[in-house]
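Here it is, the structure in full.
Note on naming: letters A, B, ... go to the chains in the order of the sequence lines (proteins, then strands), and numbering restarts at 1 for each one. Keep in mind it's a predicted model, so treat the numbers as computed, not measured.
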Amino acid sequence: MSIFVDENTKVIVQGLTGGQGRFHGLRNRDYGTKVVGGVTPGKGGSDVDGIPVFNTVKEAVAATGATASFVVVPPKFASAAIIEAAEGGITFIVCITEGIPAQDEAITYNRLVEEFPGVRLLGPNCPGIISPGKCNIGITSGDIALAGGPVGIVSRSGTLTYQALYELSQQGIGQTTCVGIGGDPVPGTNFIDCLAAFQADPETLAVMMIGEIGGSEEERAAEWIKANMTKPVVSYIAGVTAPAGRKMGHAGAIISGSKGTAQAKMDALAAAGVHVCLNPTEAGQKMGEIVKAL
Amino acid sequence: MDLFEYQGKQYFARYGIAVSPGDIADTVDQAVEVAERVGYPVVVKAQVKVGGRGKAGGVKLAHDVNEVRLHAGNILGLDIKGHVVHRLWVERSSDIAKEYYASFTLDRQNKTHLGMLSAQGGVEIEVVAEENPDAIAFLAIDPVRGLDVETARRWVNDAELDEAAREQAAELLVHLYECYTKGDCDLAEINPLILTPDNKVHALDAKVTLDENASFRHPEWEEFRADEFEDPREKLAKEKGLNYIGLDGTVGIIANGAGLAMSTLDVVNQVGGTAANFLDIGGGANADVMASALEVINTDPKVKAIFVNIFGGITRVDEVANGVLEALSRVDISTPIVLRLDGTNALEGRAILAPHLNDSLITEPTMLDAARRVVSLANA
């Protein structure tokens, strides 16, 4: 099985008529994803390479039965697009947009939680999600993924998500689902959401977790793993040698306390029984050993 | 973008937050002119984006024109932790009865806004948090609902601000929250927020970090940007839309995505090298962005070899390859370049570069191989 999306997931692309939307929307369809429609206000009735375009999400959902949306619109329109998707009946929203103001993200996240509790947002500023051989929503290059499991991947960093897929596929190790949760301040889906889904998925036998410096999501994930996870987890945290303190002010430093450094995250994960690796290649090799021994 | 104190105060004033009358001065004569205008005594304050100005001699009280000349002359040009003072803020001195602390920032863990308020201001809030956490009143604010004055009134009571300060402080906090949200700040902090002996509450300092992602709706931020005195290479990179941070090593690094860029630093370090910089060209970078990235790194004399580490997603590797060739045709790049290219359109990208490969333009199949190669070149 896979988590969140599979071969039956019907997807619309908000922003399909734009340059990025067209490029990645069509690549997703070429991969085999059921891309059933696009949404661009004012362009309803047209099509993009045979994919019908609608003026609103509501119309698109009514006509196609889509349950997932791929939001690929500029930062200033992204929050409105996410809310429109939720109002239009979409239950799984993938937003890849980079550069959304943090204030907008905070409002959008809390509106979804309060008004649309059944809706999951992945991102923003994430590469999307791929269940290899079944469904690819987002900007991940499908040819670096390998179908058949047994590894699930969850990653905070876009490009390191691809690196993780690549390291496993090179060894002939397949993936059930690979989720890029994105590195923005207010992600819709976090590590724990994905770890819990992988723990519940019978076909996922091990999980690769890619984190990075800043915030305390990895530490919280470590606590969750310690209490709930029975499947092996391999982790890599980027930023051991990264320059510190360039963005955070005093108030921010207090919230994160001593947490937030790569070392603190690696220590927390190691204490939770996670196999902590120092670079993506080492993480891939460690996972190779674990999968062989399963 | 971190603002200077004077910019923060100007920003606060737009949202109705009381600050002391004052103005900027870039010369001793200007400092005197401001002092005469606002009235003595004045405080002469170094404008640098670093803490500990007072201890370094960057904040002085002046009672008359001679003292203004003396202090302004001493502070201009002063080096405070590597930051040279080019500008002063001269403001009317305030009598202080009490010092408080107030700030708003995003609580990433709870995904709400977080207000912090303390009756113990004027000192480093980290120290208060460490030694006496009960002295800080934390307030979680739902971004959808915001902060109303009723809630702010309860909050100033919880923080045990002095009775005389409470109503004014509650109103000021609502304005500060508006500045933080509508003004798109990552951080809006006042330390100290003061109560004067005649029972007036106002901001004596301002620490503001703006969220660059919101630049599109704040054309007024341009003036802040014009006053940034930063590393010329970082300035050039910013103009080109690149996320660049200068470091001390010899391997120039270009990667797409902050995570991969950080990971590239890690791997270079693990195989015995040192990074000269962190440079993330971002998602969807085209040939021109790639060429600009190489140009920025090429201006760094410390760089002995360059590592271009690209895993295409929204970024297309063929665009990156074209950017490398464009850069090579535009500028004379004196150091060898090692590339590792994977992901979206990687085959097309490698094909574009294939006819141009030589001893100073090298591709390697994996990140680790490329790191070893570039470090051996840099250390040679």
task: Hey, could you give me each pair passing salt bridge (charged side-chain N to carboxylate O under 4.0 Å, His left out) that has a residue in residues 242-258 of chain B? Not counting sequence neighbours.
output: none
Top contributor to chain B interface from A:P75, A:P187, A:G99, A:G128 [non-hydrogen pairs under 4.5 Å]: A:G99
Heavy-atom donor-acceptor pair, A:N125 side chain to A:E98 backbone, under 3.5 Å: no
field: chain A contact via B:D184 - side chain, backbone, both or neither, heavy atoms under 4.5 Å
entry: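 Answer is both: backbone and side chain atoms of B:D184 are under 4.5 Å from chain A.
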query: Which bit of A:T281 comes within less than 4.5 Å of chain B, counting heavy atoms only: side chain, backbone, both or neither?
result: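 Contact with chain B is through the side chain of A:T281 alone.
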- prompt: Charged N to carboxylate O below 4.0 Å: is that the case for B:K238 and B:E212?
  reply: yes
query: So, B:T274 side chain and B:T250 main chain: donor-acceptor pair closer than 3.5 Å or not?
result: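 Yes; at least one donor-acceptor contact below 3.5 Å.
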query: So which of B:A255, B:S215, B:A275, B:A214 has the largest heavy-atom pair count under 4.5 angstrom toward chain A?
result: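 If we count pairs closer than 4.5 Å to chain A, B:A214 comes out on top.
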query: Non-hydrogen atoms of chain B under 4.5 Å away: do they reach the side chain of A:I237, the backbone, both or neither?
result: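 For A:I237, backbone heavy atoms alone lie under 4.5 Å from chain B.
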- request: Answer with side chain, backbone, both or neither: which region of B:N256 has an atom nearer than 4.5 Å to a non-hydrogen atom of chain A?
  value: both
- request: May I ask you to check whether A:Y162 and A:Y166 place their ring centres under 6.0 Å from each other?
  value: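 No, ring centres 6.0 Å or more apart.
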- prompt: Which of the residues B:A258, B:A261, B:S263, B:A346 is involved in the greatest number of heavy-atom pairs with chain A at under 4.5 angstrom?
  reply: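 Of the candidates given, the most pairs with chain A belong to B:S263.
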- request: Output yes when a side-chain donor or acceptor of B:Y180 lies under 3.5 Å from a complementary backbone atom of B:T105, and no otherwise.
  value: yes
query: What part of A:Y109 lies closer than 4.5 angstrom to a heavy atom of chain B: side chain, backbone, both or neither?
result: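 When you check distances to chain B, only side chain atoms of A:Y109 fall under 4.5 Å.
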message: If you count heavy-atom pairs within less than 4.5 Å of chain A, which of B:T181, B:L368, B:V267 leads?
response: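 Top option by heavy-atom pairs under 4.5 Å: B:T181.
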query: Do the charged groups of B:R340 and B:E364 touch, with an N to O distance under 4.0 Å?
result: no
- request: Let me know if A:N190 has heavy atoms under 4.5 Å from chain B in its side chain, its backbone, both or neither.
  value: side chain
- prompt: Of all of A:G142, A:P280, A:G214, A:P185, which one pairs up most often with chain B through heavy atoms under 4.5 Å apart?
  reply: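 Ranked by contacts with chain B, first place is A:P185.
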Donor-acceptor pair, side chain of A:D184 and main chain of A:V186, under 3.5 angstrom: no
task: For each of B:R217, B:E130, B:M367, B:K182, tally heavy-atom pairs with chain A at distances under 4.5 Å, and name the one with the top tally.
output: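 Heavy-atom pairs under 4.5 Å are most numerous for B:R217.
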- request: Under the side chain to side chain donor-acceptor pair (under 3.5 Å) rule, collect the residues that match up with A:R111, sequence neighbours excluded.
  value: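 A:E115.
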message: For B:H218 and B:W221, take the angle between the two ring planes, folded into 0 to 90°, and tell me which bin it lands in: parallel under 30, tilted 30 to 60, perpendicular over 60.
response: parallel
message: Can you tell me which of A:R27, A:E217, A:E114, A:R156 forms the most heavy-atom pairs within a distance under 4.5 Å of chain B?
response: A:E114
message: Below 4.5 Å, heavy-atom pairs only: which of A:D143, A:T108, A:N110 has the largest tally toward chain B?
response: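 Option with the greatest count: A:N110.
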query: Do you know which of A:I144, A:V72, A:T140, A:I100 has the most heavy-atom pairs under 4.5 Å to chain B?
result: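 Sorted descending by pairs with chain B, the first entry is A:I100.
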